[in-house]
Amino acid sequence: MMKTCSLPIELIDQSLEHISDKPTLSSCSLVCRSWLNGSRRVLFSTITIVANPGALALFVDFCQRTSESEADFPSARPSKHVRHLRIHSPGPSDGRAVPKELDPLSPHLEFILSRLEVLRYLELQCLKIQDIPRLAIPPKLEELTLIGVWTASDTEEEILDLLRQLPALRSLGILGHRYTDFIPCRPSGRMPSPGDGVFPTNISRLSTLSLRYSKLTRYFMDIIALDPPVKSLRRLEITILKESDLTALSHLLDVLGANLSHLGLDMSKYLMRNMLCTCSPNLMFLF
Amino acid sequence: MNSIHFDGLRMDTLISLKSMTLYLDFYGEPWASLSLNSAILRNVSQLFSCPLVRKQLQVLTFRIGLHASGTSSPSRIPAIVSGHLLQLDLKWITEFQQSLPQLQEIRWEWNAAWTATTWADGEGFRESLKALVQRSYPGLNEVGLLRFSDTWCEF
């Protein structure tokens, strides 16, 4: 009988990493036991879950069933391979994205986050999360992206509380966090500074920061430019909405510009606003 | 013209800069909006007049957001996108290519997020936009500097 696989497992795994379509990967995972691990590593590396109780429960059920049926082969369990997880609201039927409530203490969510041992990237999109610091995010998480996430009090402290739990964090993205609020916001809390008990020390190790259409943009720009500045920062993406944002960015580039290898600039709205302001102040209601 | 500023920002501190992403947003009908072409040209001429950027920049990405927030119906989006693209003239690429020895790639990323389309039929829209770009500019893929990515999506 012909031997199924005579290639070293490392070569098989490498080859499987070049396959991108799911049906092929699913077929590969059924070829033989030595192909199972490599196929699943690719197949389950990125998971997207719609934030409704049914979908979360379904994923939990799937994790549990595979754990039971493959008890003698734990390294192949799908949950062992999820490195990127996206949780987002279901698409709206009327064309407007409506944030969906996500209970951070939901047993399903807790189960999912606790089982994903190699999770490195988490993206939460278009969700209302009442008590975001209580999300049981694995401490090894390296990248966190919050897109259109509404929190209970909408203060920067909540986000700082969350960050404090993530010592390995290297990349932070905050997008669309109440961006329509043009009222200058430096809310209740005082500005933390490096060395005090409030400043999340992991911010000092960030290498990527993306702040787009967020009312926290100015706050985070100020934080990373504090003395000593976040010298590990290499990639920065910023949306400029107001004159004060531009001033803060200018200062930041003076302090940290020499370290940056990538700069992303979104000034469209600011420039258009300025232009309209000059041409016709009556059009300002559009912004 | 040798400048160190880009829209009010000093660029001469960016001594390690290798890549830049410029976001350009457009709302509604092409006739009601700023010209995409003039916005690109304005950015490019400002950026490349800075000696440091000219010397170092390897990858330049344009993230172009074509929003339908000023339209009455999401079904108008393909026509709007088409209108913006028809105004686009990329002759400047060949002009700048010779004076930018380090520049390896200009990426174009298109976004029609913040519209109903992204949510209702994201895949279908992405494919039709890609086809539209390729139909409007059949030669672009042959120019080494240009890379078209999929649309990127926020919300």
Side-chain angles (χ1 to χ4, degrees), chain A residues 86 88-99 123-127 145 147-149 173 175-176 179 210 212-213 233-240 243 245-247 249-272 274-276 286-287, chain B residues 4-28 32-34 36 39 42-43 46-47 52-53 56-65 67-70 73-75 77 109 111 113-122 152-155:
Chain A
R86 293 191 176 94
H88 64 82
S89 279
S93 52
D94 61 354
R96 301 285 302 176
V98 179
E123 181 181 301
L124 302 171
Q125 184 164 343
C126 203
L127 299 167
T145 302
I147 303 177
V149 171
L175 295 89
Y179 75 96
S210 178
R212 301 209 46 241
Y213 289 105
L233 201 70
R234 297 290 176 271
R235 299 179 64 84
L236 179 68
E237 298 247 339
I238 294 280
T239 299
I240 299 296
E243 191 69 42
D245 293 342
L246 195 61
T247 311
L249 180 60
S250 293
H251 173 61
L252 201 151
L253 293 186
D254 284 344
V255 177
L256 288 171
N259 300 330
L260 292 181
S261 63
H262 173 81
L263 177 64
L265 276 179
D266 182 353
M267 297 173 78
S268 292
K269 208 156 188 168
Y270 168 74
L271 294 172
M272 202 185 284
N274 274 3
M275 194 193 76
L276 284 177
L286 288 171
F287 295 87
Chain B
I4 55 168
H5 287 97
F6 177 77
D7 278 332
L9 291 168
R10 282 182 70 104
M11 302 298 281
D12 59 338
T13 56
L14 303 170
I15 53 172
S16 310
L17 195 72
K18 297 282 181 287
S19 62
M20 266 193 96
T21 299
L22 297 175
Y23 291 78
L24 301 170
D25 280 330
F26 293 87
Y27 297 85
S33 179
L34 289 173
L36 177 60
R42 183 182 153 281
N43 276 284
Q46 264 202 73
L47 200 61
L52 193 72
V53 174
Q56 294 180 166
L57 202 68
Q58 293 174 2
V59 179
L60 174 62
T61 303
F62 287 110
R63 284 195 152 196
I64 300 170
H67 306 277
S69 44
S73 162
S75 63
I77 297 172
E109 297 176 349
N111 179 24
W114 297 356
T115 67
T117 318
T118 306
W119 285 95
D121 181 22
W152 95 98
C153 286
E154 287 166 9
F155 67 95

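Numbers restart at 1 for each chain; the letters A, B, ... are given by sequence-line order, proteins then strands.
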(request) Quick one: which of A:Leu260, A:Asn259, A:Ile240 has the most heavy-atom pairs under 4.5 Å with chain B, could you say? (result) A:Leu260
(request) Looking only at non-hydrogen atoms, find the nearest pair between B:Thr21 and A:Glu237 and report the distance. (result) OG1-OE2, 3.8 Å
(request) Would you give the length of the straight line joining atom CG of B:Leu9 to atom CG of A:Leu249, rounded to the nearest 0.5 angstrom? (result) 5.0 Å
(request) For residues B:Arg10 and A:Leu253, determine if any side-chain heavy atom of one lies less than 4.5 Å from a side-chain heavy atom of the other. (result) no
(message) With a 3.5 Å distance limit and no angle check, can you tell me whether B:Ser16 reaches the backbone of A:Ala258 through a side-chain donor-acceptor pair?
(response) yes
(request) Flag the one option from B:Ile15, B:Asp12, B:Thr61, B:Leu22 with the top tally of heavy-atom pairs under 4.5 Å to chain A. (result) B:Ile15
(message) Can you tell me which portion of A:Arg234 sits under 4.5 Å from chain B's heavy atoms? Options are side chain, backbone, both or neither.
(response) neither
